[in-house]
Each structure stands twice: as C-alpha cells, then as structure tokens.
Participant: 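For reference, the structure I am asking about is given below.
Model, not experiment: these values are computed from the prediction. In the text below, chain A, chain B and the rest are named by the order of the sequence lines, each starting its count at 1.
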Amino acid sequence: MNTIVTRFAPSPTGYLHIGGARTAIFNWLLARHHGGKFLLRIEDTDLVRSNADMTRSILDAMEWLGLSHDGEITYQSQRFDLYNEYIDKLLGTGHAYWCSCSPEEVEAMREEARAKGLKPKYSGRCREAGLGPGPARVVRLKAPVTGATVVDDMVKGSVSIDNAELDDMVLRRADGSPTYNLAVVVDDATMGVTHIIRGDDHLNNTPRQMLIYKALGFPLPRFGHVPMILGPDKKKLSKRHGATAVMEYETEGFLPEAMLNGLVRLGWACGDQEIFSREELVELFSTENLGSSAAVFDKAKLLWLNAHYIKESPAARLAVLVNAFLERKGLPSQDLEYLARVVPLLQPRAQTLAEMAEKAECFVVRTDDLVYDMAAVKKLFTNEVRGHLAAVRTLLEGIEPFDQAGLEQAVHAYMEERAIKFKLLAQPIRVAITGGTASPGLFETMEVMGKRRVLSRIDRALAL
RNA sequence: GUCCCCAUCGUCUAGUGGCCUAGGACGGCGGCCUCUCACGCCGCUAACAGGGGUUCAAAUCCCCUUGGGGACGCCA
C-alpha cells in the first residue's frame, strides 16, 4: 500500500477558526493513523489579504492543538513559476487556450444565461479562436462539454456533475498570476498528496479540479468533503455566535486536549465513546466514521469535556497554567508548589482554567487583600459566633501538624464539648478564611492554606 | 434561477433491512451523598421532517414534497 499523504492548506487571511481546525485535525489524524505524512501549505496567493502575522497565528494554533506537520511548509506565493510551467504545458497539449474576453464581456454572458434560467457560465467564445498570448488575455481550461465528472467522495459517496454545468475556468489571470483551482491542483499533485479532507463548500469545486488533474495527467487523490460547522441558530458559524477562533478558547481557559476531543466529535464518532485521548484518536480514526450532515457547535459539551480533562490533569501542569491566568488578572507570579497543592481542591470545581484561577484567588492573595462577602459576614457573624471563632482560633493555633485529620478532630471535639452542631460554625469559619460562602472542604482548605494564613484571616475577619 | 449536498431527542451522535419498545453523551429536571460549592452516583425528560413505494420485514433501500446548507469569480 502506498503511503498516505494529507495536507492542511489554510489561507492566512484570518485566524484559525473552529471549522478550519477540525479539517486540519481530520487530515492530521488520517495521516498519523496510517503512518503517513501530514503536510502544511499556506495559500497566500492573495497577496493583499494575506499576511505573515496571520500565518504565525495559524501555526501557533496548530501547535497548541498538537497538530505537528511533516517537512517544510509550502508557500504558494513562492511557486508562481511552477504554476506557470504547468499552465504552459496545458497550452502546449491543447488542454488550454488564450481568451481575450474582458471581465465585462464575460459578465454579460453570465447575465444572458441567467436570464434564460440557465447556470451563469462563460460561453467559450475564444475556445476555437486560436489566439496567442497578449495583453489583458487570460488562459482558460478547454473543459469537456459532454459527459459527467464523478467524485468518489470518502464521506459523500459518489457525486456526479454534468460537465455541461462547468465552464472553461480561468487558469491564468490577465496579470499573469495563477488562479486558485490551478494552483491547488499543481500543489497537491506535486506534493504527492493522496487524500484531501476539506469542507463541503469545496464539493462543487472538486469536479473542476478533477478536470485539471486529468488534463495534466496527474493521478487523482481521494477526496472527502466534511460538512460545515453551524452556530446554535443552524447558520454558518460566525463571530456573532461567540468565539470562533481556536485561540480564543485557550484564552477562555480550555485545555488543548478538550478542544481536540470536542472538535473531532463534531462529525465523527466511534460507537458510543465520548472521551478520546490523542493516542486513541490516532488509533481509531477512520474516514468510514465521518458524518455527512452539518453539526452545531455546542459550547456546553465542550465545557463538560474541559472539566473532565481538568480533573485528569496533573496538578503541577495545571499550576503553571493557572498561574498564567492569575498573572493576567494582575496578581504576582505564585509559588508553583503552593499552587500545585491548591489545584487539587479546585479540579472538581472548575470547568475552565479561568474559573480555576478565579477560585484560586482567595488562596493566593495577601490576607489584607482578601475580599469578604460582607452580606454573609453580616448575616453569619453574630456575637455568639464571634465568640466561637475566637475560641477556634486559639484552638487552631495549638494544632500540630496542621493537617486535615488533626483539624477535623480538634474542631469536632470543640463542638461536641459544647453540644453545638458543626453546621452552625462551618459557614462562619469558611467565610472567615476564604471570604466567601462557597469553597472546597473546610479542613482541606485549612491544611493547604497553612496555619499562619488561616490564623491571620480569622484575625482579620474578627476585626470586620 | 441552475446545479450539488444534507435531514434520528434542544445539541453531538449510535444505527449499514430483522437484535429498535431506537442506544450513548451534553443540557434540562428530580433524587442521593454532604460543612458550603462542586465532584460522584441514581432516575426522569426528549428524536427517526412529511408522503408514497420496494420487502415477509424499513430509522435503514428508491421516489416525491418540505426544510436547511453550499456552489455558480480574472476570491480562496
């Protein structure tokens, strides 16, 4: 069996968005599953709209997702000579011809066809004119006018289009630059690409490209057109649906493995399995399981996946990531060892790293900076409670080691002696040391915070 | 307008003619656990777009309708 070669070919006119990332993932997976190659090509022929920063950001997003590519990156802007070489070849073999029709004239032809209720097309006026090169002339493909071209698609099955539907597309513009369809075919063929997974908005282009493959004598690759990703209103996903750029999700505190898992499940399934590690995906991926209907991107499910991966991650890794989020909030860089002890308490309680950083705040701020929920303080800190808090403070001072078991035992003993319910004091203590009414378990929180911090906070709370 | 694609719970999906009284997951709702908040666990909710065929048998195959999407560039 020949080695499988896939590719991802973004045009650097915007950030890597959800849809693009997903096709990149599918191509990457197909290559990795078969031990083939995954190539990267930047389609920057539109020099006006393309720029290097966008290329950089797309590369960053792919790296974040862990989509490693093989070999050098190909830039279309550096291959114009190659494209022209093949256009000349087509001219030489009679598969292409020069056309002197102006854009206005062509537009008129389209209008005419439209008026007749037909598909707007170029009429083929210069097809047999035997024109040579000249100013303002383009090169067109001499496409077959009869028969049909059928795409044997990996996801859509057999799709047939009448050649009469297609017109003689432009291969070289009047300014001498190659068009997209020509460049893509030359690139994919010369790069040795064997399998192309892309969005189904390209499905209509495929027969056209196949005609170029044929004219050039190139072997055809396999195509697979995956459906688009929709927003909650079932319209094509766009900015108004919220975050569409992959890296916005990093900013919101998503883990790359959650993103990968979430995206791959949009249009691909493997039985009832929901959670897939990168390795499992590589092992299990098959184009057989690609779905053919459009999918709505559901952030709630992505959040669930992210929460799952947060629970699975080693605390040390999360500590580093959370620290970055804390820094973004203007807090100084934290002691990572301390943070790594805080993290496990927060893992079951955060769906994103941003949320985790928020909850970590009360663990890391200076006692003087701790923000108290004053409504809770007012409601809970009765004189009686204040008395108990002071007593508990004294009690805690003597506990050594200051660990969960010891703390729990001591505090419970204190309550039992006085016949008070734990519930009565739990919330006041919580508010005193964390500032709020919701937190991880009281004793584990105390242990992680440490005696000094806990005592200073009770002191400050009593002074409120 | 013409051509192409698509159609299972609110969402992602399983399903490749009998295992379907349609399964799983997210969400929602209810409960259990419990020092708060979560986690976890248990239960409930909810779908084959409609109509015709084919077949002993159809969510699965065919046709039509409807509804969505896409393409028709000297953009990519």
Participant: To the nearest Å, give me how far apart CD1 (A:Ile275) and C1' (B:C26) are.
Facilitator: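 Interatomic distance, CD1 of A:Ile275 to C1' of B:C26: 11 Å.
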Participant: Could you measure between the two C1' atoms, the one in B:G40 and the one in B:C33, and give it in whole Å?
Facilitator: 8 Å
Participant: Could you measure between the two P atoms, the one in B:U36 and the one in B:C48, and give it in whole Å?
Facilitator: 42 Å
Participant: For a quick check of understanding: with a heavy-atom distance under 4.0 Å over all strands, which category does A:Val138 fall into, base, sugar-phosphate or nothing?
Facilitator: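 Here A:Val138 touches the bases of the nucleic acid.
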Participant: Among B:A76, B:G69, B:C37, find the nucleotide with the atom closest to the side chain of A:Met228.
Facilitator: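 Closest of the options to the side chain of A:Met228: B:G69.
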Participant: Using whole Å, report how far CZ of A:Arg265 lies from P of B:C12.
Facilitator: 10 Å
Participant: Kindly say whether, by distance alone, the side chain of A:Arg349 makes a donor-acceptor pair under 3.5 Å with the base of B:C39?
Facilitator: no
Participant: For A:Ala174, which contact category applies under a 4.0 Å heavy-atom criterion: base, sugar-phosphate, or nothing?
Facilitator: base
Participant: Would you call A:Arg125-A:Glu105 a salt bridge at under 4.0 Å N-O?
Facilitator: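 Salt bridge: yes.
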Participant: Using atom P of each nucleotide, how far apart are B:G53 and B:A58 to the nearest Å?
Facilitator: 12 Å
Participant: Please report, rounded to the nearest Å, how far the P atom of B:C4 is from the CG atom of A:Asp162.
Facilitator: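 Taking atom P of B:C4 as the reference, CG of A:Asp162 is at 7 Å.
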Participant: Distance check needed: B:C26 C1' versus A:Leu305 CG, whole Å only.
Facilitator: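 Computing the A:Leu305:CG to B:C26:C1' distance gives 9 Å.
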Participant: Testing A:Arg140, A:Lys142, A:Arg127 one by one against A:Asp168 for a salt bridge (charged side-chain N to carboxylate O under 4.0 Å, His left out), which residue passes?
Facilitator: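 Of all the options given, the one that passes is A:Arg127.
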Participant: Once you round to the nearest 0.5 Å, how far does CG of A:Asp44 lie from CG of A:Asn51?
Facilitator: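 One finds 10.5 Å between CG of A:Asp44 and CG of A:Asn51.
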Participant: Check the angle between the aromatic planes of A:Phe443 and A:His412 and answer parallel, tilted or perpendicular using the 30° and 60° thresholds.
Facilitator: tilted
Participant: To the nearest 0.5 Å, what is the distance between CG on A:Leu353 and CZ on A:Phe325?
Facilitator: 5.0 Å
Participant: Rounded to the nearest angstrom, tell me the gap between atom NZ in A:Lys423 and atom C1' in B:C37.
Facilitator: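 Interatomic distance, NZ of A:Lys423 to C1' of B:C37: 13 Å.
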Participant: Please tell me which of the listed nucleotides, B:A71, B:A76, B:G27, lies nearest to the side chain of A:Trp304?
Facilitator: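 Nearest to the side chain of A:Trp304 among the choices is B:G27.
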Participant: Rounded off to whole Å, could you give me the CD-to-C1' distance for the A:Gln273 and B:G15 pair?
Facilitator: 17 Å
Participant: In whole angstrom, give me the gap between the C1' atoms of B:A46 and B:C5.
Facilitator: 28 Å
Participant: Between A:Asp298 and A:Ala438, which is nearer to the 5' end of RNA chain B once each is assigned its nearest nucleotide?
Facilitator: A:Asp298
Participant: A:Met154 has an atom CE; how far is it from atom C1' of B:C5, in whole Å?
Facilitator: 16 Å
Participant: When rounded to the nearest Å, what value does the distance between P atoms of B:A7 and B:U13 take?
Facilitator: 11 Å
Participant: Can you say whether a donor on the side chain of A:Asp272 sits under 3.5 Å from an acceptor on the base of B:G23, or the other way round?
Facilitator: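 For A:Asp272, whose side chain was compared with the base of B:G23, there is a donor-acceptor pair (under 3.5 Å).
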Participant: Would you mind telling me which of B:A38, B:A76, B:C12 lies closest to the side-chain atoms of A:Pro348?
Facilitator: B:A38
